[in-house]
Engineer: 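Take a look at the following structure, please.
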Amino acid sequence: MINIQDELRAKAKELLKKKKVNVLIGYGSLNENDLPKPIFIREEKDVDMLVWNPFCINNLGKYLLKERGKIGIVAKGCDVRSIIGLIQEHKIKRENIVILGIRCPGIIDIRKLPDKGNATRLHMERKNNVVMVGGKKMQFEEVCYDKCLTCKYPSPIEADFRFGEEVKARKENEGDSVSKLESMNIEERLKYWDARFEKCIRCTACREICPFCYCERCILDETIPAWVSRSTDLSDTRLFHMIRFLHVAGRCVDCGECERACPMELPLRKIVKMIEKDIKEMFDFEPGTSLEDIPVLAQYNIEDREDFIR
Amino acid sequence: MKDSKQWTPKIVAFLCNWCSYAGADLAGSSRIPYPPNIRVIRVPCSGRMNPLYVLKSLQFGADGVLISGCHPGDCHYSTGNYFARRRFMVLKNLLDHMGIDPKRFQVSWVSAAEGAKFAEVVKSVVEEIEHLGPNKGL
Ligand code: SF4
Ligand code: SF4
Ligand code: SF4
Ligand code: FES
């Protein structure tokens, strides 16, 4: 872990010094007690704030849209997929970004640590699959983010420089959570979501953090006409989420940021997963896996399914 | 359905100007009867259909939504219905995932010459939605 950080800093210094990038977006901490946060480094002297540790969860891809010129970015395997998606959508140009890709061994969800990680995380040690934390031995699978359990592309598909050792795709063992939903009948599913949507406070954090929700004018904010009322009425909340998920369908790369950002802990990744599965089944398409792809809903196939059409 | 005596489904039908709208017209002028449950909105192409309109109709109390466009290969704008078809597939599935019966959302291809088919489509859609009962709202 330590050497990834050293290598990252060395590369960052070099890129800034040679003016290969004018800003480097990465993870930064003020001291070792500080959880890593997004950091924008413009000068060589600040490079020592750059960190890499098992808590670097943010998908920094969205910040590419806020910067100009040549941009360097630290990106894990999953984050790289959203960057590929943004390139496919012509929001950024490949030649304007330098990807410092991390072969990601998985990220720890501090909410799953004893004491929510407040103190324990500082003395955490990880050896392969065993994590020693707060004097307790835990399996990595117990403490990592759900998305890491099923990560198919932990090693970046696209990068200019790569750090860390090759990581194999982890196996699919989260499918159960979705298949449970799929095996419910339709009324049960409605009830399931009612119970969750009821908690939503419509803070829109899930939209703000999504790399694909970059619209300058979002339909969910329109007031004349107000397509989606801002009330937390169940029906409006359902509409809000359905529209947002329709807009990211076929683009969403399961970075999991919407679910992580949600203060009410709505299981948004369950929707993400179901859509992802549909897209794969219907169009044999995986978002953000190839620079050559055209976004799946921006193309068609004459042979597409017709069985639902009268 | 016992209470269907009072209740009959309201169905919003978005019809493509170049085909199904004319098809509906033909059904009318040829005096082919079909149930009066549909409220027609004319759209320039099935490709103009934002899935939002379907959801909004359901939210505002429609019991079902029908979108009807030109047959594949016949779209006035060549490919509008091909792109639309993909979006409709995604929407159908999402309705199902959210616990809303996807049968409330129906799609058909009806050309300007298919007055009889239009009447047939409306009849079967109305029957199917009658069977589902009133929409309790999105
Ligand atoms: S919808 Fe959620 S999981 Fe998908 S790309 Fe957006 S933030 Fe990531
Ligand atoms: S919800 Fe839709 S309109 Fe709003 S930002 Fe996301 S993609 Fe854009
Ligand atoms: S982040 Fe959570 S609470 Fe906020 S709008 Fe999204 S789902 Fe609702
Ligand atoms: S013009 Fe009728 S579907 Fe495109």
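A, B, ... follow the sequence lines: proteins, then strands. Residue 1 opens every chain. These figures come from a predicted structure and were not determined experimentally. Only this structure's heavy atoms are used, side chains among them; waters, hydrogens and symmetry mates stay out.
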Engineer: Looking at B:Leu91, B:Val121, B:Asp96, which one has more heavy-atom pairs under 4.5 Å with chain A than the rest?
Structural biologist: B:Asp96
Engineer: With a 4.5 angstrom heavy-atom cut-off, which part of A:Asp236 approaches chain B: side chain, backbone, both or neither?
Structural biologist: both
Engineer: For A:Gln299, which atoms come within 4.5 Å of any heavy atom of chain B: side chain, backbone, both, or neither?
Structural biologist: both
Engineer: Report, as yes or no, whether the 6.0 Å neighbourhood of atom NZ on A:Lys191 holds more than 12 heavy atoms from other residues, nucleotides or ligands.
Structural biologist: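 No, the 6.0 Å shell around NZ holds no more than 12 heavy atoms from other groups.
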Engineer: Any chance the rings of B:Phe118 and B:Tyr34 have centres within less than 6.0 Å?
Structural biologist: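 Close enough - the centres of the two rings lie under 6.0 Å apart.
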Engineer: Where on A:Arg305 is there a heavy atom nearer than 4.5 Å to chain B: the side chain, the backbone, both, or neither?
Structural biologist: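 Both parts, backbone and side chain.
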Engineer: With a 4.5 angstrom heavy-atom cut-off, is it the side chain or the backbone of A:Asp194 that approaches chain B, or both, or neither?
Structural biologist: neither
Engineer: Take a 6.0 Å sphere around CZ of A:Arg196 and say whether it holds more than 12 heavy atoms from other residues, nucleotides or ligands.
Structural biologist: yes
Engineer: Does A:Tyr214 have more than 12 heavy atoms from other residues, nucleotides or ligands lying within 6.0 Å of its OH?
Structural biologist: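 Check passes, neighbour count above 12.
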Engineer: So what's closer than 4.5 Å to chain A heavy atoms on B:Ser124: side chain, backbone, both or neither?
Structural biologist: both
Engineer: Side chain, backbone, both or neither: which part of B:Phe105 has a non-hydrogen atom closer than 4.5 Å to chain A?
Structural biologist: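 Answer is neither: B:Phe105 stays 4.5 Å or more from chain A.
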Engineer: Need one label for A:Tyr192: side chain, backbone, both or neither, based on atoms under 4.5 Å from any heavy atom in chain B.
Structural biologist: neither
Engineer: Return the orientation label for the B:Trp18 and B:Tyr77 ring planes: parallel under 30°, perpendicular over 60°, tilted otherwise.
Structural biologist: perpendicular
Engineer: Around atom NZ of B:Lys10, are there more than 12 heavy atoms from other residues, nucleotides or ligands closer than 6.0 Å?
Structural biologist: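 Counting other residues, nucleotides and ligands, NZ of B:Lys10 stays at 12 neighbours or fewer.
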Engineer: Please rank B:Asn50, B:Leu95, B:Asn93 by heavy-atom pairs under 4.5 Å with chain A and give me the top one.
Structural biologist: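 Option with the greatest count: B:Asn93.
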Engineer: Is the backbone of A:Leu268 close enough, under 3.5 Å, to the side chain of A:Lys273 for a donor and an acceptor to pair up by distance?
Structural biologist: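 Side chain of A:Lys273 to backbone of A:Leu268: no pair is present.
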Engineer: Mind ranking A:Ile219, A:Asn301, A:Ile279 by heavy-atom pairs under 4.5 Å with chain B and telling me who comes out on top?
Structural biologist: A:Asn301
Engineer: In this structure, is the centre-to-centre distance between the rings of A:Trp227 and A:Phe240 below 6.0 Å?
Structural biologist: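 Distance test on ring centres: not under 6.0 Å, no.
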Engineer: Check each atom of A:Asp304 against the heavy atoms of chain B and say whether the ones under 4.5 Å are side chain, backbone, both or neither.
Structural biologist: both
Engineer: Less than 4.5 Å to any heavy atom of chain B: does that hold for the side chain of A:Ile302, its backbone, both, or neither?
Structural biologist: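 Both parts, backbone and side chain.
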Engineer: So which residue, A:Leu190, A:Ile275, A:Ile309, ends up with the most heavy-atom pairs under 4.5 Å with chain B?
Structural biologist: A:Ile309
Engineer: With chain B as the partner, which of A:Leu246, A:Ile243, A:Leu234 has the greatest number of non-hydrogen pairs under 4.5 Å?
Structural biologist: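 Option with the greatest count: A:Leu246.
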Engineer: Establish, yes or no, whether the cationic atom of B:Arg42 lies under 6.0 Å from the six-membered ring centre of B:Tyr21 and within 45° of the ring axis.
Structural biologist: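 Yes, a cation-pi geometry holds between B:Arg42 and B:Tyr21.
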Engineer: Based on non-hydrogen pairs under 4.5 Å, which of B:Met89, B:Lys117, B:Glu120 is most in contact with chain A?
Structural biologist: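 Sorted descending by pairs with chain A, the first entry is B:Met89.
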Engineer: Side chain from CB out, backbone as N, CA, C, O: work out which of these in B:Leu66 comes under 4.5 Å of a heavy atom of chain A, or both, or neither.
Structural biologist: neither
Engineer: Chain A heavy atoms under 4.5 Å from B:Ile67: which part of the residue, side chain, backbone, both or neither?
Structural biologist: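 No part of B:Ile67 comes within 4.5 Å of chain A.
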Engineer: Rounded to the nearest 0.5 Å, what separation is found between the CE atom of A:Met274 and the CG atom of A:Asp278?
Structural biologist: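 Interatomic distance, A:Met274 CE to A:Asp278 CG, rounded to 0.5 Å: 8.5 Å.
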